[in-house]
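A, B, ... follow the sequence lines: proteins, then strands. Residue 1 opens every chain.
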4 protein chains.
Amino acid sequence: MNAEPASCRRKEGRPKEILTAALQEFSINGFAGTRLEDVATRAGICKGTIYLYFKSKEELFVEVVRDRILPHIEQLENINERPEGTAKVLLRQQLTTIYQELLSTDARFIPKLIISEGSRFPELAQFYFEEIITRIHKVSQSIIARGVTAGEFRESALNWEQQAILGPALSAVIWITVFNEFEALDLDAYLKTHIDLLLHGLEK
Amino acid sequence: MNAEPASCRRKEGRPKEILTAALQEFSINGFAGTRLEDVATRAGICKGTIYLYFKSKEELFVEVVRDRILPHIEQLENINERPEGTAKVLLRQQLTTIYQELLSTDARFIPKLIISEGSRFPELAQFYFEEIITRIHKVSQSIIARGVTAGEFRESALNWEQQAILGPALSAVIWITVFNEFEALDLDAYLKTHIDLLLHGLEK
Amino acid sequence: MNAEPASCRRKEGRPKEILTAALQEFSINGFAGTRLEDVATRAGICKGTIYLYFKSKEELFVEVVRDRILPHIEQLENINERPEGTAKVLLRQQLTTIYQELLSTDARFIPKLIISEGSRFPELAQFYFEEIITRIHKVSQSIIARGVTAGEFRESALNWEQQAILGPALSAVIWITVFNEFEALDLDAYLKTHIDLLLHGLEK
Amino acid sequence: MNAEPASCRRKEGRPKEILTAALQEFSINGFAGTRLEDVATRAGICKGTIYLYFKSKEELFVEVVRDRILPHIEQLENINERPEGTAKVLLRQQLTTIYQELLSTDARFIPKLIISEGSRFPELAQFYFEEIITRIHKVSQSIIARGVTAGEFRESALNWEQQAILGPALSAVIWITVFNEFEALDLDAYLKTHIDLLLHGLEK
DNA sequence: AATGAATGAGTTTTCATTCAT
DNA sequence: GATGAATGAAAACTCATTCAT
């Protein structure tokens with residue numbers, strides 16, 4: 001990949017490469033702690049080139065986060081459209097999807113960035129809140145409502161706070177990005193516990 | 001407060017004031033994004049004074065976090081030493097304590113700081129991991145084990161990942177520090193859901 | 001002057017020193033061509049210090065120019081208030097004052113800066129236009145009107161363009177700041193010519 | 001204009017277009033403040049192309065100024081060779097020509113550029129001084145001498161400083177390029193004043 | 001000849017840290 | 001102890017210049 005001369009590269013590739021490199025640096029050092037020179041080095045280009053594609057460090061940051069959030073929004077549309085199966089099955093599916101989405105690839109760094117830089121980029125935090133979190137909550141809430149109607153779940157579950165139900169997923173991402181080097185998370189076991197706990201807790 | 005002469009202040013007052021101001025600034029802006037001048041202003045002193053008590057910005061940061069973590073460690077010792085009551089009651093007590101500890105006062109900002117700056121201050125992340133997280137997990141694990149032995153809880157719970165069980169608590173702190181302005185968390189309802197979910201999920 | 005330690009200097013002196021150094025650099029290199037580091041060096045301080053007193057290079061520039069314009073405004077008030085003498089005498093006085101004001105000290109660089117940077121700092125050009133040029137024109141115009149009324153000057157002079165009458169003064173400053181090294185201007189002779197030309201040209 | 005293929009353009013067209021565009025940009029922003037990219041855009045070409053015709057930004061600047069000065073030098077030769085008419089008529093002619101030359105087309109920006117960038121390009125200032133200013137002065141001086149000999153003008157005019165006599169012309173260009181947006185110069189009236197003042201001032 | 005993406009030196013600006021008072 | 005002016009290293013950003021196409 002590095003063998004071919006720079007000028008040979010496809011035009012659209014460049015910004016993508018910068019975004020990827022930037023995501024990694026921002027994830028490690030946060031916004032203020034990241035030096036654009038390091039982003040450039042990681043992307044195999046030089047400082048000034050970043051400014052051919054992004055107006056400023058701030059804009060780059062916003063684009064990095066948006067770029068990783070958007071695919072999830074599309075995924076969420078799909079989750080929404082699966083009406084078959086019992087509520088139990090659906091919930092299990094949803095959780096599995098969330099974990100896969102949340103922890104696959106570079107996307108796992110987004111929550112950390114939102115948490116770290118939310119106060120500097122409130123629009124970004126709001127965007128994430130509205131487009132991701134709120135929508136995930138709506139999906140799980142509708143599944144639970146369905147389960148209650150079908151007599152699968154306890155009625156009291158209708159009033160449950162979705163954050164508390166899905167919270168373990170957020171904790172998992174944080175664990176992976178922050179504490180994994182101290183004690184690696186066994187994701188399968190973790191997901192199994194979450195599902196077991198949730199489904200058994202919902203059951204009549 | 002400013003009326004009394006500087007020499008009248010109790011010895012530990014000054015550093016404490018700096019730590020408090022620093023915690024607030026660091027929480028909002030992160031480590032790199034925080035200017036010591038702002039910390040000084042918030043503490044009502046001037047920039048240079050910080051260096052009378054702390055060697056560097058890094059040391060200040062470490063002290064800020066340590067200073068807020070240490071009281072929790074003491075609290076944890078106490079939680080450990082309460083053998084009375086059923087496992088169910090104990091677990092309910094532990095969760096309640098955790099939420100109180102985690103979300104009371106300025107301590108709530110520590111998780112966000114650990115998440116944000118963990119890669120820059122790995123010793124701090126490790127310290128938090130070992131002294132707080134690991135120990136909390138041990139406590140809850142022992143209570144669950146006791147509940148299983150007593151026949152209160154399902155046996156399968158012995159293998160549960162503690163992170164998944166206590167994850168909602170971490171999610172709560174994050175929510176409070178990041179998303180609360182978009183949708184305020186009803187902490188009581190949240191805790192109730194967490195307890196209901198967990199206890200019902202553990203029950204035979 | 002350099003012998004006394006930096007901290008001994010009077011507080012108000014510092015910004016003034018910077019303004020003086022900046023005026024010199026800006027006069028030579030223009031706005032964009034001036035490096036703040038050179039300004040600092042010339043002022044005997046270091047780069048960062050400038051920012052303790054001026055928000056940005058642009059603000060420094062504006063302050064430099066304003067700072068040199070303002071004294072002239074005060075001078076102009078005085079010129080205005082001299083009703084004694086024939087129009088001829090007054091005009092001779094005014095011209096002499098203008099040349100003294102315009103060519104004394106560092107003030108002589110202001111016209112060059114206004115000319116060079118007027119398009120980048122239009123408010124500054126306007127300020128100079130309104131506060132200096134327009135007012136000088138008004139003064140000379142009123143003297144000429146008085147001379148016509150008194151029968152000293154030709155009536156046609158009432159319609160003269162003031163710029164054309166006072167233009168040689170502007171030319172003199174430019175000459176001094178731009179061409180003086182090629183051919184030094186004999187200011188006394190120049191002023192004498194200007195006065196002779198003007199007064200004889202006005203005479204009936 | 002963009003319709004015809006590049007290869008159809010006359011050989012000298014391209015550099016001329018660049019010079020024209022560059023003159024405009026340099027006039028507005030000065031040397032340091034001008035970006036070659038803007039020059040290229042204005043010329044309808046792309047950045048790199050400038051370097052096919054000019055070695056560097058400095059060379060481009062020098063060429064821009066030279067290119068606008070040279071035609072005037074030719075004009076001056078002609079002015080010099082008109083021996084018919086009274087000194088009064090000749091002087092009136094010369095002044096009219098100067099104003100036309102100086103204020104027609106893009107040439108009007110040269111004095112501003114010389115004033116602004118004279119210290120960075122001293123050879124250019126010297127060139128302008130020697131080839132334009134000095135020669136204009138010589139012409140007017142010889143006319144005045146002729147007028148004195150012919151008994152048209154006062155003898156004292158022989159010692160007059162030419163700068164003071166022709167200064168209003170320089171002031172006019174500056175006014176046009178700097179202050180015209182605040183108060184438009186009535187060039188005809190201005191020239192009339194200048195001629196009236198000068199001729200009446202020279203008359204016995 | 002022309003392009004325009006890429007480079008990297010140079011400049012503005014910030015801010016942790018020092019130190020004379 | 002406390003101050004806050006001064007420092008200067010470091011980082012964001014710009015733009016003249018190059019060069020593969």
Side-chain angles (χ1 to χ4, degrees), chain A residues 4-9 11 14-15 32-40 43-60, chain B residues 5-7 9 11 14 31-41 44-60, chain C residues 4-9 11 14-15 32-40 43-60, chain D residues 5-7 9 11 14 31-41 44-60:
Chain A
E4 48 177 336
S7 49
C8 281
R9 307 206 182 180
K11 292 285 156 43
R14 191 43 52 88
T34 290
R35 306 176 333 133
L36 287 195
E37 179 129 43
D38 290 342
V39 172
I45 58 177
C46 86
K47 226 179 359 168
T49 304
I50 293 174
Y51 289 88
L52 295 178
Y53 302 99
F54 303 95
K55 216 176 61 225
S56 67
K57 190 183 181 183
E58 296 219 344
E59 191 190 285
L60 174 61
Chain B
S7 52
R9 307 201 182 190
K11 285 278 162 41
R14 185 49 53 90
F31 176 77
T34 289
R35 302 168 344 126
L36 287 194
E37 176 125 47
D38 290 342
V39 172
T41 302
I45 58 176
C46 86
K47 223 171 12 161
T49 305
I50 293 175
Y51 287 85
L52 295 176
Y53 302 98
F54 303 94
K55 213 177 68 223
S56 67
K57 191 184 181 186
E58 298 220 343
E59 192 189 283
L60 174 60
Chain C
E4 50 177 334
S7 49
C8 282
R9 309 208 180 177
K11 292 285 155 45
R14 191 44 51 88
T34 290
R35 305 175 335 133
L36 287 194
E37 178 130 43
D38 290 342
V39 172
I45 58 176
C46 87
K47 231 176 354 166
T49 304
I50 294 174
Y51 288 87
L52 296 177
Y53 301 98
F54 304 93
K55 216 175 62 224
S56 67
K57 190 183 181 183
E58 296 220 345
E59 192 190 283
L60 174 61
Chain D
S7 52
R9 307 201 182 189
K11 286 277 161 43
R14 182 50 50 89
F31 176 76
T34 289
R35 302 167 344 124
L36 287 194
E37 176 125 46
D38 290 342
V39 172
T41 301
I45 58 176
C46 87
K47 225 176 1 166
T49 305
I50 293 174
Y51 287 85
L52 294 176
Y53 302 98
F54 303 94
K55 215 177 65 219
S56 67
K57 190 185 181 184
E58 298 219 342
E59 193 190 282
L60 174 61

(request) For residues A:Cys46 and A:Ala40, report the shortest heavy-atom separation together with the two atoms involved. (result) C-CB, 3.7 Å

(message) Looking at every heavy atom in both B:Ile50 and B:Leu36, which two are closest together, and how far apart are they?
(response) CD1-O, 3.6 Å

(request) Hunt down any stem DNA chain E takes part in, defined as 3 or more consecutive Watson-Crick or G-U pairs whose two distances are each under 3.5 Å. (result) E:2-21 with F:2-21

(request) Calculate the interatomic distance between B:Lys57 atom NZ and E:dT18 atom P; express it in whole Å. (result) 14 Å

(request) Measure the distance from OH on D:Tyr53 to C1' on E:dA1 and round it to the nearest whole Å. (result) 6 Å

(message) Using whole Å, what does the distance between atom C1' of nucleotide F:dT18 and atom CG of D:Leu36 come to?
(response) 13 Å

(message) Between C1' on F:dA11 and CD on A:Glu58, what's the gap in Å once rounded to a whole number?
(response) 14 Å

(message) Could you tell me if the side chain of A:Arg14 sits less than 4.5 Å from the side chain of A:Leu52, heavy atoms only?
(response) no

(request) May I ask you to say what D:Thr34 touches in the nucleic acid, namely base, sugar-phosphate or nothing, with a heavy-atom cut-off under 4.0 Å? (result) sugar-phosphate

(request) Measure the distance from CG on A:Leu52 to C1' on F:dT17 and round it to the nearest whole Å. (result) 14 Å

(request) Rounded to the nearest angstrom, tell me the gap between atom NZ in A:Lys47 and atom C1' in E:dT11. (result) 10 Å

(request) Not counting sequence neighbours, which residues clear side-chain contact (heavy atoms from CB on, under 4.5 Å) with C:Lys47? List them please. (result) C:Glu37

(request) Map D:Gly48 and C:Glu37 onto DNA chain E by nearest heavy atom, then report which one ends up closer to the 5' terminus. (result) D:Gly48

(message) Within this structure, what is the CD-OH distance for the pair C:Glu59 and C:Tyr53, rounded to the nearest 0.5 Å?
(response) 14.0 Å

(request) Measure from CD1 on A:Ile50 to P on F:dA12 and round the result to the nearest Å. (result) 9 Å

(request) Give the rounded distance in Å between these two atoms: CZ of C:Arg35 and P of E:dT11. (result) 4 Å

(message) Let me spell it out: for each of A:Ala32 and C:Cys46, pick the nucleotide of DNA chain F with the closest heavy atom. Which residue's pick is nearer the 5' end?
(response) C:Cys46

(request) Taking only the side-chain nitrogens and oxygens of D:Tyr51, find out if one of them lies under 4.0 Å from OP1 or OP2 of F:dT17. (result) yes

(request) For residues B:Gly33 and A:Ala32, report the shortest heavy-atom separation together with the two atoms involved. (result) N-CB, 3.6 Å

